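Quick caveat: nothing in here was measured; it's all calculated off a predicted structure. Note: hydrogens, waters and symmetry copies are ignored here, and every other heavy atom, side chains too, is used.
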Amino acid sequence: MKLPCAGLALTQWMVMVVALAAAPGRAQKGPPSRSFGPDTYRTGSFTGPATGPSGLSCDAPPPPTPKTCSGYLASFDGTQLDVTVRVPQSMTGATGPYPLVVSLHGYGGSKNSSVGDVDRLADAGFTVLRYSARGFGDSWGQVNLADLNAEMRDLRSMISQVTSDPTLQADADAVGVFGASYGGIQSWLAAVEPAFTADPGGAQVRIRTIVPIVPGTDLLYSLRPNGTPENSIDVPGGFKLSFTEGLFLSGIRRSAARPYPNYPDYLFVWNAYLVVTEPNNNPPIGSQIVDGVAGYRSIWWQQGFWNQVLQNADPKNPNRQPQLPVFQIQGWTDDLFPVPEALRMYRTLRSIDGSYPIALYLGDLGHPRATNKQGEVDFVTGQLHRWFDFYLKCKGVASATCAPPALDVQAAVTRPRDQPFSPADVIRVATYDDLANGIVTQAFPGEEILTYNPANPSGVFFDPLVMAGAESLQPSPQPPPPDVVPGDVARYSVRVADLANGSGLLISGQPTVTIDLSTPASREQLNVRLFDVKPDGTEHLVTRGTHTLDTGDPLRPIGHEKLTITSYGNVWQADPADVLRLEITNVDSPYIEPSRVPSVTTLGKVKLEIPVRR
């Protein structure tokens, strides 16, 4: 198949002010109205020893070293969770209560993940609670994937018990929750019930802020993206096979001290179903997965949360409360929970309440292929501490000694792995839509034909899955070099200098690819990848994206469609001598499982639009 070359491309340089109304998804007001079936979860099994008291034992170091209290606390269903609480100690002998920060670990981790960061919070005057989620670490029980009826009840139970214990000196009126990945999902879900009565104890608990770090906000979309971030359900996308299987296997605990399966039976059924079937919402298993993952494990679909936001945004509501402040940290290069997971919530919250207290940090952080450079992790950790200082120690009230953090958007330029992070690379703008102030457009002539070949290994070398350390933002290794098999990949190239009148480009946001396509298939998955190719041949994957079309009827073809695929995005410096290469393919496995529906697809009028900052 002959591929278009840059010399034949129709280059057009277009720089314009980016209108707010043109931003993808900006008009959304919340998730589509949806009723879900019953939840699937398991509690009350393998809860731990029935004999022997549960509770925490504390050491007694000299002040100002925080004391450490560790042991087991029984959750709502009797499950014994492995807990550590760090309590500040003053040189003057003064006692708390101190603001309480809850640290939630990533998938397959334990309470000991990222201990150094947590200990610094205790040194700074916060009581810090960290515990191993049910089924992980040394905690008893079984994993339920951050379920509202299991893990989120655990969170409230642990907070209740810690704030009710006077020896732990935790202020029930000043609680903050943060965590990465699996812990980030739970941090968002804590917003469903930010105020509750402690049980035991009876105190009124108030979660004053959350800091979700590289979370999924719609777990269903995170695992099977369909190209429509606001609606993950109606068109089932392909599963991120490498991530779903890697996470599933890495979460299986093998412990002689816990000789039972830490996964309940339904998780094995779900996993087997998604591996052997074309993605679907069909009962009983397909619909059960949709109901369970979207309806009870994703903040995006929690109507109770959105009702709170709407009520608190209504100036005529006499019972309105302050909105819950959110500092969300997301990774441009995170292929499991990419930037659309943050933008889904950011845009919707700001569309409901233009002054909603949410700040974004977007960088080279998260799950593979993110680099997680230590300098950037430290930079973000410092901001997290200052955020807690204001919203917990100062309880969100500005004063001469309490300066509020900026509710803006920070976007770090992604640099090659061998270049260290620099704070000078962080761009600060008032809103996400201010990040780009121009667009460059490249149109490609001619037609290309993609054929579906399930044996095509194209994409395997771009697979991001190297999961070691990802749950605690540890540095991840360099991905293997690419290997593309011609035939199932359409490739288009253009020199950066031709796009930018001889200059370089600072890509700033989410490039889009518009395609006129024609196919007799009833289901089609198209994936895009954008590379920056250096003069020495070095290639950098700048961003990727996917979109699934499905008529819902195997006998009804898709026919002709005009499709726009929005990529995950990045901030990336492309130099004048570089070449940008766009790839369009219907096989990007094992990152995204290809469709099992055979297809031949004609592509035409391909247009690449790149948001830029000048």
### Task
Any chance you could measure Ser103, atom OG, to Leu121, atom CG, to the nearest 0.5 Å?
8.0 Å

### Query
Think Arg529 forms a cation-pi with Tyr591, using NZ or CZ under 6.0 Å from the six-ring centre and within 45 degrees of its axis?
no

### Task
Assign the ring pair Tyr182 / Tyr107 to parallel, tilted or perpendicular, where the plane angle (0 to 90°) is split at 30° and 60°.
perpendicular

#### Entry: Under 3.5 Å side-chain donor-acceptor pair for Asp378 and Gln374
yes

### Query
Are any of the side-chain heavy atoms of His540 and Phe531 separated by less than 4.5 Å?
no

### Query
Going by heavy atoms in the side chains, are Asp532 and Gln573 under 4.5 Å from each other?
no

### Summary
Pro325 and Thr209 have their tightest heavy-atom pair at O-OG1, 2.9 Å

### Task
Kindly indicate whether the side chain of Leu530, heavy atoms from C-beta on, has any atom under 4.5 Å from the side chain of Asn570.
no

### Query
Hey, are Glu341 and Ser222 close enough side-chain-wise for a donor-acceptor pair under 3.5 Å?
yes

### Query
Under 3.5 Å, side chain of Gln330 to main-chain N/O of Pro215, donor-acceptor pair present?
yes

### Task
To the nearest 0.5 angstrom, please state how far the CG atom of Leu392 sits from the CG atom of Asp171.
9.0 Å

### Task
Quick one: closest heavy-atom pair of Thr512 and Thr566, and the distance?
CG2-OG1, 3.8 Å

### Query
Taking only residues two or more places apart in sequence or in another chain, which ones pass side chain to side chain contact (heavy atoms under 4.5 Å, CB included) with Pro420?
none

### Message
Within the 4.5 Å heavy-atom criterion, are Pro405 and Arg386 side-chain neighbours or not?
### Response
no

#### Entry: Results of ring-ring contact (aromatic ring centres under 6.0 Å, His included) for Trp188 - residues two or more places apart only
none

### Task
Spell out, as yes or no, whether a donor-acceptor pair under 3.5 Å connects the side chain of Lys393 to the backbone of Cys402.
no

### Message
Applying side chain to side chain contact (heavy atoms under 4.5 Å, CB included) to Gln186 and Met152, what does each step give before you reach the verdict?
### Response
CA-CA 7 Å; Gln186 294 173 71; Met152 299 317 299; 3.9 Å; yes

### Query
So, are Arg34 and Asp234 salt-bridged, with charged N and O less than 4.0 Å apart?
yes

#### Entry: Inter-residue atom distance Tyr356.OH - Leu407.CG, 0.5 Å rounding
10.5 Å

### Residue pair Pro322 / Arg206: nearest heavy atoms and the distance that separates them
CG-NH2, 3.9 Å

### Which residues share a salt bridge (Lys or Arg N to Asp or Glu O under 4.0 Å) with Arg415, sequence neighbours left out
Asp425

### Query
Does a side chain donor of either Thr333 or Asp364 reach within less than 3.5 Å of an acceptor in the other side chain?
yes

### Query
Distance from Leu189 atom CG to Leu155 atom CG, nearest 0.5 Å?
9.5 Å

### Message
Can you give me the closest heavy-atom contact between Gly137 and Ser110, atom names plus distance?
### Response
CA-CB, 3.8 Å

### Message
Keeping Ser508 on the side-chain end and Pro611 on the backbone end, is there a donor-acceptor pair under 3.5 Å?
### Response
no

### Task
Report yes if the side chains of His105 and Arg130 come closer than 4.5 Å at any heavy-atom pair, otherwise no.
no

### Task
Sorted by first residue and then second, give each ring pair (Phe, Tyr, Trp, His ring centres under 6.0 Å) pair with at least one member in residues 393-433; sequence neighbours left out.
Phe379-Phe421

#### Entry: Contact check, side chains of Ile233 and Leu220, non-hydrogen atoms, under 4.5 Å
yes

### Query
Where do Trp300 and Trp306 land on the ring-ring contact (aromatic ring centres under 6.0 Å, His included) test, with the steps shown first?
CA-CA 9 Å; Trp300 174 246; Trp306 293 112; 5.7 Å; yes

### Message
Please enumerate all residues that pass side chain to side chain donor-acceptor pair (under 3.5 Å) together with Ser232, with sequence neighbours excluded.
### Response
Asp218

### Message
I'd like to know if the side chain of Ser164 reaches the main chain of Ala203, judged simply by a donor and an acceptor atom lying under 3.5 Å from each other, with no hydrogens or angles considered.
### Response
no

### Message
Within this structure, what is the CE-CD1 distance for the pair Met345 and Ile358, rounded to the nearest 0.5 Å?
### Response
7.0 Å

### Query
Would you say the side-chain atoms of Gln510 pair up with the backbone N or O of Ser567, donor to acceptor, closer than 3.5 Å?
yes

### Query
Salt-bridged, Arg297 to Asp39, with N to O below 4.0 Å?
yes

### Task
Applying salt bridge (Lys or Arg N to Asp or Glu O under 4.0 Å), name anything that partners Arg153, two or more places apart in sequence or on another chain.
none

### Query
Just one of Val440, Val571, Thr543, Val542 clears the side-chain contact (heavy atoms from CB on, under 4.5 Å) bar with Ile507, so which one?
Val542

### Task
Considering non-hydrogen atoms only, spot the tightest contact between Leu324 and Ile207 and give its length.
CD1-O, 3.2 Å

### Minimum heavy-atom distance Ala430-Asp434, with the two atoms named
CB-OD2, 3.6 Å

### Query
So, Gln89 side chain and Thr65 main chain: donor-acceptor pair closer than 3.5 Å or not?
yes

### Test: Arg350 and Asp433 ion pair at under 4.0 Å
no

### Query
With sequence neighbours left out, what residues match Gln204 under side chain to side chain donor-acceptor pair (under 3.5 Å)?
Thr197

### Student check: side-chain heavy atoms of Ile565 and Thr546 closer than 4.5 Å
no

### Message
List the residues meeting side chain to side chain contact (heavy atoms under 4.5 Å, CB included) with Pro64, not counting sequence neighbours, and say none if there are none.
### Response
Met91

### Query
Judged by atom type as modelled, is there a donor-acceptor pair below 3.5 Å linking the side chain of Arg86 to the main-chain atoms of Phe126?
no

### Message
Return the CG to OG distance between Leu247 and Ser181, rounded to the nearest 0.5 Å.
### Response
7.0 Å

### Query
Tyr296 and side-chain contact (heavy atoms from CB on, under 4.5 Å): which partner among Asn144, Leu219, Asn149?
Asn149

### Query
Should Leu365 and Asn372 count as side-chain neighbours, where that means a heavy-atom distance under 4.5 Å?
yes

### Message
Is there a side chain to side chain contact (heavy atoms under 4.5 Å, CB included) between Asp334 and Tyr568? Walk through the geometry before answering.
### Response
CA-CA 9 Å; Asp334 185 333; Tyr568 298 161; over 6 Å; no

### Query
Side chains of Ser75 and Asp154: is there a donor and an acceptor less than 3.5 Å apart?
yes

### Message
So, using side chain to side chain donor-acceptor pair (under 3.5 Å) as the criterion, who are the partners of Arg208 when residues are at least two apart?
### Response
Asp173

### Listed once per pair and sorted, the side chain to side chain donor-acceptor pair (under 3.5 Å) pairs that draw on residues 318-327, sequence neighbours left out
Gln323-Asp353

#### Entry: Contact list for residues 323-345, test ring pair (Phe, Tyr, Trp, His ring centres under 6.0 Å), sequence neighbours left out
Phe327-Trp387, Phe337-His367

### Message
Under the rule for side chain to side chain donor-acceptor pair (under 3.5 Å), what residues qualify as partners of Thr127, not counting sequence neighbours?
### Response
none

